[in-house]
Amino acid sequence: MRKEDRDMDGQRKSRLVFSLGCLVTALALMSSASVAQKVTSEEPAGYLVFPKIVVDPSGGLNGTPRDTVIRITNTDGNNPRIAHCFYVDGTPRCSIGGGLDGFGACRTNEDCAPGGICAVRECAVINFDLTLTPGQPVGWRASEGVTTTGLCDGTAAGLPCSSDSDCPGSGNSCVQLGADDFGRVPPLGPGIFIGELKCVQVDRTTNITAGPGTPVNRNDLIGNASIYAVTPADSTVDVQSYNAIGVQAASEDGTTQGDTSMNLSDSGGEYAGCPAQVVVNHFFDAADLGGGRTVQSDITLVPCSEQLELNTVFSSVLQILVFNEFEQRFSTSTTLGCYRESRLSNLDRRPGQESTSIFNVNVQGTLAGQTVIRPVLSGDGDPGNGILAVVEEFHRTGNQRRSAAFNVHWRGSKNQADTVSY
Amino acid sequence: MRRKRSGWLAGVGFVAALALAAASEGQTRSGSDRPGSILMFPKVVRSASRDTIVQITNTGNSVNYVHCFYLEGPQSQAANAACQAVDFELVLTRQQPTQWRASQGRRVSPGDAFGSPQAGYDPGLIPPLPQGFEGALVCVEVNSNGEPFGQNRLKGEATIVDDGTGDVSKYNAFALAKSGGDTDNNLNLDGSDYETCPATLHLNFSPWGSLDPVIEDFGNANLNSFISTNLVLLPCDLDFRNGTRTNGTVSFLVRDEFESPFSGSFPFRCWTSIDLGSPSSGLSQFRSTLLTGGAIGTIFAQAQLTPTRPLVGVAESFHTDQAGVTGAAATNLHTSGSANATVRLP
Amino acid sequence: MRLVKRSPWLLGLGMLLAGVVMAPGARADVTTDQSGSLVIYPKVISDGTRDTLIQLSNRSNNFAFVHCFYVNTMGSCSLSGGSCRRDSDCDPGETCVRTCDGQNFDLVLTPQQPIQWRVSTGRLTVPFAPPCRPGQTCQCTFDTSSGQLVCPGLTVGDTNSAFVPQIGPNFEGELKCYQVDADGAPFGGNALKGTATIETLSTGQISEYNAISVLSGQVNPNRDLLLNGTEYNACPRNVVFVAPGEGSTDSFTTATVSTEVTLASCTELFEEAVPAPVTVRFVGYNELELTQSVEAFQFDCFFNDRLRELPGNVFSSTQGELWKIRVTPSSSNVCLTGTNRGGSCSSDADCPDFQTSPGGESLGCRPSPGVVGVAEQFFFRGLLEGTAAYNLHQESSRTFDIITVTTP
Amino acid sequence: MKGSRRVAAFGFAALLGLGVGWVGRASALSTSDRPAGILVWPKVVVDTRGVFGAPMDTRIDIASTYDQGIRQAHCFYVNATSHCSVSGLACRTGADCGSTGGECVPSWSEIDFDIFLTREQPLDWYASQGLAGSSFPLPSGTCQGGTQDTRPCVSSLQCPGGTCSFSNSNVGSSIPPVPEDPFIGSLTCIQFTGGSNSVPDQTTARNRLIGGATIVRRFANGFPDDPARYSAVGLEALGNAVSGNTLQLQDGSGNYSSCPSTLILSHIFDGAVDPIANNVSNQYRTELTLVPCSNDFLTQRPGLAVAQFLVFNEFEQRFSTSRTVDCLLDTPLSLIDTRNPARSIFSAGVAGSIAGQTRIRGVGGRDELGSGLLGVARALVSGMPGGPAGVTSAAYGLHQQGNARTDVIILP
C-alpha cells in the first residue's frame, strides 16, 4: 500500500475511528477500573497457576525428551507458609489404544488405535502440600516430583537424594533437609503428561482428615517454570521459562477464609478477578524472522474456574480477534474445557491445514500480530468463564529447534466472578 | 499528514480524557502483563551472534504516537560512566502490532513484499543498532506534538535470538501506566502522574555453576552441566533531557533451600548487567559450592534485591552441558512494593 | 524432624479430637469396621509354617500412644515340654498346658500414621529409614544383628531398639493393643484400627481380616479396662458365622472345604498372669433348619481349631452342606482366679484365694468371659490349601468383661 | 523459628489430656458385624471361563438370624459389566478390547428376585449358577391336616381337607444366575416382612439378615485355589415405617442407618514387596470396589458420587485425588488417579512407604440421590508359587467414620 493511500484510508476512517475509539475506550476503561490486587505474573500472590507443565522423558511427543522444572518460593522471610497444590492432567488421550506412551497419550487420532479419538477427556487431579519455611525457595523436576528427603553435596551438590547411595560421583553424601523438608510431590513420569499446576496458599492444616487447609488472605508465593527439551543426539539443550500467574488475595490480613471455595472477582471477591481479555503479541506461524529462522507459536489456555476433586469439566466459548500490521482484523472462536494446548494455527484449522489459518503468515502477510481472546460470559460465576494463558514460541533454524515461553498480557476486568473450589 | 489526522486526534483527545478520568479511579500497579504508557525493555543486545527482535503493539483503537530511546550501556565500569541515548518516533494505527530486528531497525518502505520481514504499515524510521550494543529501550506514549500523552495502550516484548545456535529467549517489556496529572516532559512515576516503580525485586535463580538436574538426566553432562544467570537492571530514574544518569547500590538477601541467608550489596549504574556469581561479579553469595568460594549448596535459590533507587530488570539463565551446548531462557523479575522515580524527556 | 515441623499446629488439634469422634446414637458393642481405643487381633500366627503381617493405623490427628500385648497360647506338653495346641499333640498321658502369657510393648503413632510389621521378625526403630522412590523396589531390609525388619517409614522410639519385638517361629495366639496417654495410662482416643494378614509361607496364600475394635467412653486411667459398655464397649452376647459343612466339596473348584474358627477371650488377666477360663456353646443351623450343638465347651483364653475337631464333628457336611453357627458364652458364673479357677460358682466364696484387680474389681465369681473371633476357610485340593479369613458377626452385647493390665 | 517449633511441640502433651472425657462412642453406621435390614455385597465377580485370568466365581451366602419364622429378602443384582464398543465383549478397561475391539463402554442394568428364608436358615449359591426354585433346600410346604397331613405340597389343592403351610419352606424363592459371564456387579438384599402385603421390614423382627461372599479363583492341578471372603455390608432398619417406595438411609428420622461419611481403607501400597516373603517378586496390589449407597431401581438410575481420596503414608505425608463412581468402581488402587500405575500416588514408589491409610469421601451425586459410598477391598500378592496367575488374594471390609449424610434407595 502506498503512503498516500494509507493517509487517504486513514481520512476515510476518521469518523468511524472517532466514534469507535470513544465507544471501545469507554468500555475498556469501564472494565479496567481495577482493584489494588490483580492477576499478575510478577507479584507475590496467594494463588499460583502454572498453565503448562510438560513431562515426556522418552520423547514420545516429538522425539526429544522434555521435562519441566518448577520453582515456588515463599517471599515471607519471617513466617513459614503452606501451599496446597493440584496437578490437573490435560494430556490428550486415546479412547482406544495405548497412544504414544502406552498410557494413551496422543497428539492426534492417528496416534490411537483404529477408531480411537484423541482428546482431553480425564482432567484427573492429584493434590499435595508444600510446607515452606520462611523465605524458602524450592524446586523439583515434574517428572520426578519430590520423593527424597535431602540434597547431595560435593560434586553432586543440589541433586535430590535420601541416602548417600543416591548421590552420583565419588565421596558425595546426602544432606537431609530435616526441618526444611517441604513435603512429598508425586512424579508425573514415566509416560507423557501435559497439564497445569495450581497452588493455593492455605492455613496451617488443622484437620488433615478433613482434607487440605483453607485458603488464607495472604500473598506470599511466587513461582516460575522452565520447560526443557534436551537430547545429546542432536546437541539440543532448549530451555524456556515463564512466571507462574499469580492471583492475589484481595485481603492480606492473614485471616483464614471461610471455606475451600475461592471467589475470584474484582467486585468484592476473595481474590482478584480474572481478566476480561487476554492479549497476545506473536509472530504469525511460519513467519521468517531472518537468518533462516522460522517461527511458530503455541498457546496454552486454562480456565479460571475449577471444581477440583469433583471431576467436573465445563466448557467456555472463546472469541478471538487477530490483528496484523496492516490494521486488518480477523476473528474466529473456539472452546475451552479443562485444558487447551494448541498451536495458534490449530485454533481455527485442523492439523494439516495450518497454511490456511488466520494465524499463518501466508494469510496475514506481516510478521507481527496481535491476538485478543475474550471468553463469552455465561452463568453466575460458579463456574465462571475466565481464562489464563501462557504462550511458547518455537524457532526453527535448519534442523535446530529452540523455544521461548512468555507471559501474556491481561486487559480489563470482566463483570462475572470465577470460582475455584476444592 | 498531521492535518489529515485531525479527525483522528479529536477522537484521541476524547479517549485521553476518558483514560485519565478512569485512571484516577485507581489504575493497577506497573508491570509486564498489562498495557501501559511507558515501556521499558531492560535488555536489548546486538552482538556478532545475538540479536534482539522488538515487538511493540498499540492495543487501543486510536492512533498512538510513541517516542522511543535506545539507551546504550556504559562503555566503562566507572561509577560515573554515562549511557548514550538515541531516540526515534513511531506512529501506530489502531491495534497495530509492529516489530523489528535491532540489528536492522526498520525503514519506511511501503512496497515491502507480502510476508516479508518489514511488511505492514511502517511505524517510522527505526535506526539499526551497531554490533556490540548492549543496553535498553524505553518508549513513551506522546501526542502528535511529541508531548507525553497517556492512553495506556502500549505493550511490548523482546526476543533475544542467537543466529549462531538458533537459541531464543523472550521477555515482556515493563509497562507503567499514566495515572493522571500533568502532561509536561517530567514523567513523575509517583502514582499520581504515572504508576510507581517497584521497590523490591525478587529473583528465583540457580547459583552460578550449579548442576542442571534435567541436563544431568537427559543430556551430555556427567556432573559437568552448568547453570549461570545474567541479571540486567535499568533504573526507573531516566533523564533523557540532561543525560544525567542514575547510580546507586543494590542490597540483596539470598536464601537457598536450607534457609541459609546470604546478604551483601553491589553498585548499579545507568544500565547494569551482572553475571551473578561469576568471578568477575565478585558476588560469591550467588555461586554454587561446586565452585571455589561458592556459598550455595542447592540448585534452587531466591534473591531479594532492594535498590537505593527503583529499578526494573530481566534475568536470563543459561543452561550448558559438558560439550558447551547452551540453552537460554529469559524471565521478568518478580516485584513488590512501590517507589517513586522520574523520567525526563528532552 | 517432621514432628518438629508439624508441631506448631498440634495445639489446634485438641478441640478437633473431640469433634472427630463425638457422635450421637452410641452403641455399646465391639466392631470390625470402626476405630477404637482397644483393638483385638484374635488370630496371630507365627509358627514356622504361617506368619502374620499386622497393620495398625492411627485414625486421629494426634499422636497415638499404644500399649500392646501378644498373648502366646501355644502350649507345652506337661512332661516333654514340646509345643502343642491340644492334648493330642503330646504323648499319651500328657496334657497340653497353656499359660496365655502376655508379652507387651509400646508404640507411638504420628497423626494418621499407618504402620505394619511382620510378627515373626518385628520391626526395628531406626533414626531414618529412607522413603521408597519411583522405579525402585519398595521393600523392608533385614537387620542381621537384631533379626528385625527395617522398613521405610517414621518410627518413633529409641534408635535401634525394637519398634515391635520379634516373636519368632513358635507363636500362636492373639494381639491386643489399647490406647494410652503419654504417661501410659489407658486413654480413650478411639484412634486405632487394625488389619491382620496371615500368610502361608510355602504357597504365599494370604488371609486377611479386620481387627476387632472396642470403642471407649469415659475411660478410667487405672489398670482395669472394663468392657462394660460405659468405659469400653462390651463384647458380644453371641458371635455368628456361616460355614460350609466340614469336608464338603466346593462345586466350582472341587476342593474340600474346611473352616477354622478362632475365639479369643474378651477377659484377660495380664496383671494376675492367669488365663481366663472360657465356656461357650456352639449351636449350628443348617439349610434344612436342622440344629446341632456343642454344649459347655471350655478352653483357656483362646481357641483355634477346625470345626471338625469339635466334639462329634457335628458340623460336618454329612449333617448339612451349610451351617450358620452361633457361639454363645455360658450364662453361668465361673471363678476367674483362685484355686477353683474355671469352676462354676454362685459367689466369691466359691472361689477360694480369688484375686482382686488393680482397680479393685473382684476376680472371683463372675459371669463367664465373652469371646470375639475370626473364621478362616481352607480350600483343600491336591495337597494344597487356599485360605480366606473373615470376621464373625455379632448379636447383642454383654457387659461383664475385664482386662487387667500391668502398666503403668 | 525452629526454636519456636520446639516450644510449640510441647503443647501436645496437654492436648492429649484435653481429649479425655470428650471421647464418644460409635454411632449408628452401616455394619459388617451385626445383622441388618439391608445387605450390600459391593463386589460380585464371575469369569468362569477365565477370560481375564484364572476362572473365577463368587459364592454368596445369606442367613436369617430370626428364630420365629420366615423372613423375605428382596434382592437386586446390579450388572456393571462394561463392554467393548466394537466387539461387544465384556471388558474391565480399554486394554481388554485390544486394538480392534473399540472402547470399553460402561453399562448398568438391574434384575431383582426374592429369597424366603426360614427361621435361622443359611443359604448359599454361586453367582454364575443362581438357585432355581426347585433347588432350594426346602422347595415345598407341608400339608397340615386333611388326608395328606405332613405331605409336601406347593398348593393347598394338594392337601384335601387341610392347607399347605409354607411356614418352614423356601417356596417363592428363586435366584437367577448373573446375566452374563464375565460379570461384575453388586448385590443388594432388603429384608421384607413377607406375606400377602410384604413391605420393608421395620417390625421388631427387623435386622435379621447376615451375609458374606467368597470370591473363588480356580487354578490348575498342583496349585491351590484362591478364595477371598468378605462380609456383606449391612444397613440397620431403624423401625420407622417406609412410606411409598423410597427408603431413606438417614439416622434418626430415616428408615435405615446412614451410610458412612468417610470410608477408611488400610492397605499395602501397590508394588510394595510383601514384608513376609520379602522377595522382590512378591509384590502387593490392592483392588478397591466402591458402590453408591443410593440407587433408583424405579427409573433405573444408578447411584453416582465422586469419591475423594486422602492418602497417608508412614511418613505422615498426604496426597489426594478423586474419581467418579458411577454405579460401581472396581479398580486397582494405582489406576484410580492415572492410567500409568508407576506414577500413581497409590504406588509404593510414589507414596514412599509400605503401608498406607486412605480415607474415601463421597461427594456430588445425582439429584434426589445421595453421595454415600460402600466398598470392599481385595489385596493381591504377586509372584507366589500359587498358580499360573501367580497371585493370591484376600478380601476385607473397609472401616468407616461419621454418619452425617442422607441416601435413598428407590424401589420399583
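It should be emphasised that the depicted structure is a prediction, and the values quoted were computed from it without experimental measurement. Proteins get letters first, then strands, A, B, ... in listed order; numbering begins at 1 in each.
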### Query
Counting N and O atoms only, with roles assigned by atom type, does the side chain of D:Gln121 sit under 3.5 Å from a partner on the main chain of C:Glu287, one being a donor and the other an acceptor?
yes
### Message
Run the side-chain contact (heavy atoms from CB on, under 4.5 Å) test against D:Asp61 and tell me which residues pass, sequence neighbours left out.
### Response
C:Val242, D:Asp124, D:Arg229
### Query
Donor-acceptor pair, C:Gln113 side chain versus D:Glu314 backbone, under 3.5 Å?
yes
### Query
Is the closest side-chain heavy-atom distance between C:His393 and D:Asp33 below 4.5 Å?
no
### Query
So which of D:Pro137, D:Ser64, D:Ser128 has the biggest tally of heavy-atom pairs under 4.5 Å with chain C?
D:Pro137
#### Entry: Spatial distance of atom CG (D:Asp226) from atom CD (C:Gln205) [nearest 0.5 Å]
5.0 Å
### Task
Nearest 0.5 Å please: distance from the CG atom of C:Asp51 over to the CG atom of D:Asn278.
11.0 Å
#### Entry: Side chain / backbone / both / neither for C:Trp117 at chain D, heavy atoms under 4.5 Å
neither
### Whether C:Arg133 side chain and D:Gly349 backbone form a donor-acceptor pair below 3.5 Å
no
### Task
Salt-bridge test for D:Arg378 and C:Glu208: reply yes if a basic N is under 4.0 Å from a carboxylate O, no otherwise.
no
### Query
Does the distance from a Lys or Arg side-chain N to an Asp or Glu carboxylate O, for C:Glu289 and D:Arg119, drop under 4.0 Å?
yes
### Inter-residue atom distance D:Ser231.OG - C:Asn391.CG, 0.5 Å rounding
6.0 Å
### Charged tip of D:Arg218 within 45° of C:Phe252 ring normal and under 6.0 Å
yes
